[in-house]
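Taking it in order: structure first as structure tokens, then the write-up.
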Amino acid sequence: MKIYNSLNRQLEDFVPLNHEQVSIYSCGPTVYDYIHMGNARTALVTDIIRRYLVYRGYKVKLVQNLTDIDDKIINRAAELGVSAKQLAHQNGEAFFEDSQRLGIHPADVHPKATEHIPEMISLIQTLIDKGAAYVIDGSVYYRVNQFAEYGKLSNRKPEDLLAGARVEIDERKEDPRDFDMWKAAKPGEPSWDSPWGKGRPGWHIECSAMAMKHLGKTIDIHAGGEDLRFPHHENEIAQSELATGHTFARYWMHVAFLKIDGKRMGKSEQNFILLRDALDHYPTEVIRHFLISAHYRHPLDYNPESLAKSEGALRRLNNCLDALKKYDGQVDANETGVSPLQEAVETMKSRFTDAMDTDFNTAQALGAIFTLVSEVNRSFTTSNGADAPVFAQAYQALTETCEVLGIYNMDAQDGNDVEQRDQLIALLLDIRQEARSRKDWDTSDKIRDSLKELNIEIQDTRDGATWKIIS
RNA sequence: GGUGGCGUAGCCAAGUGGUAAGGCCAGAGUCUGCAAAACUCUUAUUCGUCGGUUCGAUUCCGACCGCCACCUCCA
């Protein structure tokens, strides 16, 4: 299994530090607003990495933080006339809700910055004690020149960092590259007591402290959006590695941007689509399919046309799965020979694994799945019924792989009234069939049209009528 | 200015030093009382342009053109 490690800018064999459990830290959102599709892409990639590692037999501990104290939260709260705490809480809850709607499994731990202030203070104190930080007017700054490897993640030399600096330089800092780990409180802002006076933590120290608290000094995979590579992740490394003397994260993964009209989707650009709005227009599986239709390290453009394409692809997949479903469980104990379809099932499984093993290539994995869909459909046209066990295998292989990607919802049909509904529809189809045999097209069409108005669509096939729910 | 990425059929998108996965759309067909749906088949001698290396390059190297991103908060 290989992962592209953005620290070394190359594909590397993935060997977890502890074979019992893979540790993953994923940078979560700053909860001053609802999350948008770009945030969703990163969260979804993390979700699928976790699912795939589990599929491959690993145990995984995933930590995804919430930044719940920050300038943006304070400012937005002031605009809305609510407390920062309240705003962060609301948006945190909304984040969990949206994530769940996208089918993202909750992380094992969702630490919040405001609940880890002591850990942050302790980490900052350690850095001060080591001479790697200094205090000015109640704020604490990280002394970048104390960390020789600063710039290793973003591949930047010290002079490069200074040359392009567009940020206004705080003259009090010893070095323009130094960044704050603790911000002295301004009047009216939320603050916590510290050895340096009232204040609040800087963004970078939050992740260092929370990651190490829940996953230890060294974590296997640290994931986040491309934009966090510098300065956020660079600073996390500087703080953590200087404090502990250990490698902070062994594999760094950065998810490329989601774009809209060719430009990066970003909150400051005002060109974002909220995840919850997208979920109101498209099923979960369609959005997931869209987001994984390109490799995670390549930019992806959000537009209605692309979503429509995913809708079409999902329809094809679901038709096949629905048709296969009735063979579920019909495994043949005394297997004889190897049919072409059986070979296709095995090929799909190995292609899927190869694709996912190579830096989680979901686009290629989808290719493997859809190739089998075609094979299955072709087999249907020539099947004589003896293939049931093979269809069962195909069903199992497809649902397993689709479950890893989260693009097939096996429980979608569950519900108490489903059985009765199905019986009623079966009855109507029965009546319609009788009418058709009398060539009573009026009655036949009336049933068909009326059901259609209820979003139930009849399809006449060679083997009789079937139906499905349309949206 | 520094750093990194991208440019593959009408659209989206994988991929490899040996001759291009998959999806959408389109065209044809099968099924059908009609329809819808579904399914099948077909669709890139070619991978931004120009050079180079090679028996052979879309894949490696160089130049150029175009696009995007990071260097400031943003996943």
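In the text below, chain A, chain B and the rest are named by the order of the sequence lines, each starting its count at 1. Note that the structure is predicted; figures quoted are calculated from it, not measured.
- Here the side chain of R264(A) is nearest to one of C73(B), A75(B), A21(B), namely A75(B).
- Checked for salt-bridge contact, D359(A) and K2(A) miss the test: no charged N lies under 4.0 Å from a carboxylate O.
- The ring of W441(A) lies on top of the base of G33(B), close enough and flat enough: under 5.5 Å between centres, under 30° between planes.
- No N or O donor and acceptor, one from the side chain of S310(A) and one from the base of G23(B), sit under 3.5 Å apart.
- Dashed line: the shortest gap from a side-chain N or O of N361(A) to OP1 or OP2 of G15(B) is under 4.0 Å.
- Spacing of P atoms, C50(B) relative to C70(B), comes out at 32 Å, to the nearest Å.
- At a cut-off of 3.5 angstrom, counting only N and O atoms as typed in the model, there is no donor on one side facing an acceptor on the other between the side-chain of K309(A) and the base of C12(B).
- Checked against C68(B), C70(B), G33(B), the side chain of R436(A) finds its nearest nucleotide in G33(B).
- Closest approach to the A313(A) side chain among G23(B), A37(B), A14(B) is made by G23(B) (side chain taken as heavy atoms from C-beta onward).
- Nucleotides G62(B) and A69(B) have their C1' atoms positioned 24 Å apart, rounded to a whole Å.
- Distances were taken from every side-chain heavy atom of A294(A) (C-beta onward) to each of C71(B), A14(B), U40(B); the shortest belongs to A14(B).
- Contacts of R438(A) with the nucleic acid, taken as non-hydrogen atoms under 4.0 Å apart, are absent.
- Applying the salt bridge (Lys or Arg N to Asp or Glu O under 4.0 Å) rule to D108(A) yields the partners R50(A); only residues at least two apart in sequence or on another chain are considered.
- The CZ atom of R432(A) sits 14 Å away from the P atom of A36(B) (whole-angstrom rounding).
- When the nucleotides A21(B), A75(B), A36(B) are ranked by their closest atom to the side chain of Q459(A), A36(B) comes out on top.
- Across all strands shown, A256(A) has heavy atoms under 4.0 Å from base atoms, whether or not it also approaches the sugar-phosphate.
- A salt bridge is absent between E226(A) and R297(A): the closest approach of a Lys/Arg side-chain nitrogen to an acidic carboxylate oxygen does not fall below 4.0 angstrom.
- Within 3.5 Å, a donor on the side chain of D445(A) pairs with an acceptor on the base of G33(B), or the reverse.
- Residue-level contact check: R156(A) touches the bases, meaning some heavy atom is under 4.0 Å from a base atom.
- Protein atom NE2 of H298(A) is 12 Å distant from nucleotide atom C1' of U8(B), rounded to whole Å.
- Across residues 95-108 of chain A, not one residue has a non-hydrogen atom less than 4.0 Å from an atom of RNA chain B.
- Between N377(A) and U40(B) there is a side-chain polar atom (N or O) within less than 4.0 angstrom of OP1 or OP2.
- With A36(B), G23(B), A38(B) as the candidates, the nucleotide lying closest to the side chain of S374(A) is G23(B).
- Contact of R448(A) with C34(B) (side chain to base): a donor-acceptor pair of N or O atoms is detected under 3.5 Å.
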Dot-bracket for RNA chain B, 5' to 3', counting Watson-Crick or G-U wobble pairs under 3.5 Å, with [ ] for crossing pairs and | for inter-strand pairs? (((((((..(((.....[...))).(((((.......))))).....(((((..]....))))))))))))....

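- Nucleic acid contact for L258(A): base, since at least one base atom lies under 4.0 Å from a heavy atom of the residue.
- Across the P atoms, G33(B) and U40(B) are found 22 Å apart, a figure rounded to whole Å.
- Dashed line: the shortest gap from a side-chain N or O of R229(A) to OP1 or OP2 of A69(B) is not under 4.0 Å.
- Between K157(A) and C71(B) there is no side-chain N or O to OP1 or OP2 distance below 4.0 Å.
- Although no hydrogens or angles enter the test, the distance criterion places a donor-acceptor pair under 3.5 Å between the side chain of S139(A) and the main chain of A184(A).
- Side-chain contact, R316(A) with S374(A): a donor N or O sits under 3.5 Å from an acceptor N or O.
- Taking the six-membered ring for Trp and the full ring otherwise, the centers of F380(A) and F391(A) sit less than 6.0 Å from each other.
- Not one side-chain nitrogen or oxygen of N155(A) sits closer than 4.0 Å to the OP1 or OP2 atom of U3(B).
- Out of A69(B), C39(B), A36(B), the shortest distance to the side chain of F257(A) is found at A69(B).
- Taking the ring centre of Y32(A) as origin, the terminal cationic atom of R76(A) falls outside the region bounded by 6.0 Å and 45° from the ring axis.
- C6(B) sits 13 Å from A13(B) when the C1' atoms are compared, rounded to a whole Å.
- Rounded to the nearest Å, the gap between the C1' atom of G15(B) and that of C64(B) is 26 Å.
- RNA chain B is contacted by G224(A), G225(A), D227(A) of residues 220-227 of chain A, taking any non-hydrogen atom closer than 4.0 Å.
- Listed by chain and residue number, nothing satisfies the salt bridge (Lys or Arg N to Asp or Glu O under 4.0 Å) test with D178(A) (two or more places apart in sequence, or in another chain).
- For M265(A) and C70(B), the CE to C1' distance is 19 Å, given to the nearest whole Å.
- The side chain of T381(A) contributes no N or O atom lying less than 4.0 Å from OP1 or OP2 of C31(B).
- Considering only side-chain atoms of N39(A), the nucleotide from A21(B), A75(B), C70(B) that sits closest is A75(B).
- Nucleotides G22(B) and A14(B), compared at atom C1', are 7 Å apart to the nearest Å.
- The shortest distance between the side-chain N/O atoms of K259(A) and the OP1/OP2 oxygens of C68(B) is not below 4.0 Å.
- When distances run from any side-chain atom of A363(A) to the nucleotides C68(B), A14(B), U40(B), the shortest one goes to A14(B).
- Residues satisfying the side-chain hydrogen bond (donor to acceptor under 3.5 Å, both in side chains) test with N235(A), not counting sequence neighbours, are Y150(A), H204(A).
- Distance R76(A) CZ to C73(B) C1': 13 Å, rounded to the nearest Å.
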